[in-house]
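Notes to accompany the following structure.
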Amino acid sequence: MRRSGSLARQVLLVGRPGRRRTESMSGATTLILPERRDLEAGQAGQVRLRRRVRAVPGAPVALPPAAPVRTSTSPVASTAPVAQAAPVDAAPAAGLAIPLLPGEPTLARRLRFLAVNACTVSSLLLGMSAIFLALNGVSVKWAALCLIACVAFDGLDGALARKLGVASPFGAQMDSLADMCSFGIAAPVVVYAWLAGAAPAWLAMPACAMVAVCAAIRLARFNVSPKDGRFFCGVPTTMVAAVLALGTLIEPAIPAEARVAAVAVLALAMVSSFPYAKIARLLRLPPWLLVLPAVSALIDYRLTFASVVVAYLVSGPLVWLRQRA
């Protein structure tokens with residue numbers, strides 16, 4: 001540091017370690033301390049600390065000691081103020097709740113909604129009852145009757161929901177889960193109990209398992225597919241369960257191996273892409289076509305049942321070929 005005749009302004013510039021520069025100016029003495037890198041925050045810039053000291057004429061200027069330079073690779077605490085992150089308010093619980101019944105939640109609509117879902121729950125409970133009856137060695141026909149009751153309640157809940165104006169996405173998902181329990185699990189369990197002892201287990205088990213797998217695929221595809229008012233894409237699970245339950249009650253006079261083959265064909269029909277007419281469309285057929293099966297059932301109901309099932313399964317490929325022509 002040098003002194004001149006008049007009080008000079010001495011500036012000490014310290015940028016990097018080992019680099020110093022002084023210059024004389026008139027006025028006060030300014031000290032610029034070393035620059036520090038904010039290693040902890042990972043910033044590319046540098047933090048500068050500046051202090052100004054007013055010198056009294058004729059008095060020596062005391063310079064504060066320079067901050068030591070660290071050579072280790074450990075992070076250096078930053079002296080720059082760190083902005084505290086504002087706490088994020090949790091989403092209100094009311095915003096996460098999705099109403100099960102869209103629209104105005106009046107007492108009358110809630111009661112109607114409850115009645116519709118009671119039918120769905122009844123179908124699920126009847127399906128569980130069919131499983132219990134089939135596994136406990138009770139007459140398998142009682143389990144088949146529970147399946148038929150499941151079919152009735154499954155058709156009732158949808159009709160009531162549309163008529164009462166309480167159809168909802170929750171009801172649709174609830175109905176799909178109940179169908180999987182009643183028609184995708186209970187139906188093959190009852191059929192397996194029916195085939196046990198008559199057909200080999202290595203044939204009956206894969207066929208019944210195929211019903212469960214195809215029912216799951218059919219229900220999942222139905223939930224995401226566009227709806228057609230005239231035809232089903234594949235045989236619905238409700239109809240397959242009804243055919244299996246009636247077959248268990250009627251016991252057609254066919255060999256056990258043929259029964260297993262029929263179960264496998266029904267399973268594959270659920271996941272097929274053939275168009276099958278809905279019940280409402282079948283009721284619009286000529287009256288003689290509806291009377292003929294009823295008269296035939298009086299003569300031989302087993303043969304009539306098998307003939308109607310085969311005719312319906314064949315109708316899908318025939319309609320598909322007609323549409324392609």
Any chance you could measure S129, atom OG, to L147, atom CG, to the nearest 0.5 Å? 10.5 Å
Spacing of F153 atom CZ and L160 atom CG [to the nearest 0.5 Å]: 10.5 Å
Please examine the side chains of P200 and E257, heavy atoms only from C-beta on, and report whether any two atoms are closer than 4.5 Å. yes
Are T238 and D154 close enough that a side-chain donor and a side-chain acceptor fall under 3.5 Å? yes
Do the side chains of F232 and P275 get nearer than 4.5 Å, heavy atoms only? no
If you measure from SG on C150 to CG on L145, what distance do you get to the nearest 0.5 Å? 11.0 Å
Taking atom types as modelled, find out whether D179 and T237 have a side-chain donor-acceptor pair closer than 3.5 angstrom. no
F222 atom CZ, neighbour heavy-atom count above 12 within 6.0 Å: no
So do the side chains of V235 and F274 get within less than 4.5 Å of each other, counting heavy atoms only? no
For the residue pair R218 and M180, establish whether any side-chain heavy-atom pair is separated by less than 4.5 Å. no
CE-CG distance between M239 and L244, expressed to the nearest 0.5 angstrom: 12.5 Å
Residues S176 and N223: side-chain donor-acceptor under 3.5 angstrom: yes
Transitive ILVMFWY side-chain link L292 to Y301, under 4.5 Å: no
For the CZ atom on R302, are there more than 12 heavy atoms of other groups (residues, nucleotides or ligands in this structure) within a distance under 6.0 Å? yes
To the closest 0.5 Å, what do you measure between CZ (F231) and SG (C233)? 12.0 Å
Side chains of Y312 and L282: closer than 4.5 Å at any heavy-atom pair? yes
Taking C-beta and beyond as the side chain, do L249 and I148 meet within less than 4.5 Å on heavy atoms? yes
With a 4.5 Å limit on heavy-atom distance, are the side chains of M270 and L266 in contact? no
Could you measure the distance from the CG atom of D157 to the CZ atom of R162? Nearest 0.5 Å is fine. 8.5 Å
Just so I know, are the side chains of V319 and Y276 near enough to count as touching, which here means a heavy-atom distance under 4.5 Å? no
